[in-house]
Amino acid sequence: KNFQAALEFMNAAGVIAERENHHPDFHLTDYRHMEVVIWTHKLGCLTENDFQLAAMVDEIPVSYSPKWLKEEIARNPALEPFLSNKAAGAAL
């Protein structure tokens with residue numbers, strides 16, 4: 001949605017990562033786009049812990065801009081159930 005929403009998401013994901021002692025790479029670009037890269041650096045591959053952490057991070061409510069949400073769903077209608085569910089727990 002905006003810079004503050006991206007930081008809030010990153011902080012929420014950081015709390016989970018710290019609790020799980022498994023730390024992803026966060027990339028914030030264009031002031032509001034957050035990319036989370038989960039990878040077991042020590043082993044150089046994906047592990048079960050990576051998938052477990054991804055599932056936990058995926059449960060974090062995301063605050064999307066209403067305009068962005070509408071445009072993304074128009075571009076790819078198959079995303080509607082996923083994006084609508086993610087946004088349901090967050091203020092739009």
Hphob cluster co-occupancy, F3 + F9, side-chain heavy atoms under 4.5 angstrom: yes
For the student: nearest non-hydrogen atoms of P24 and H22, plus distance: CD-O, 3.4 Å
Under the salt bridge (charged side-chain N to carboxylate O under 4.0 Å, His left out) test, residues paired with E20 that sit two or more places apart: none
Joint hydrophobic cluster, L79 plus W68, side-chain heavy atoms closer than 4.5 Å: yes
For L28 against A6, the heavy-atom pair lying closest together: CD1-CB, 3.5 Å
Non-hydrogen atoms of F26 and G14 that approach each other most closely: CZ-N, 4.0 Å
N/O donor-acceptor pairs under 3.5 Å from side chains in residues 32-46, not counting sequence neighbours:
unit_1 : atom_1 : unit_2 : atom_2 : d
T40    : OG1    : T47    : OG1    : 3.0
T40    : OG1    : D50    : OD1    : 3.0
T40    : OG1    : D50    : OD2    : 2.8

Spatial distance of atom CG (N76) from atom CD (E71) [nearest 0.5 Å]: 14.0 Å
Distance, nearest 0.5 Å, that separates CG of L7 from CG of N11: 6.5 Å
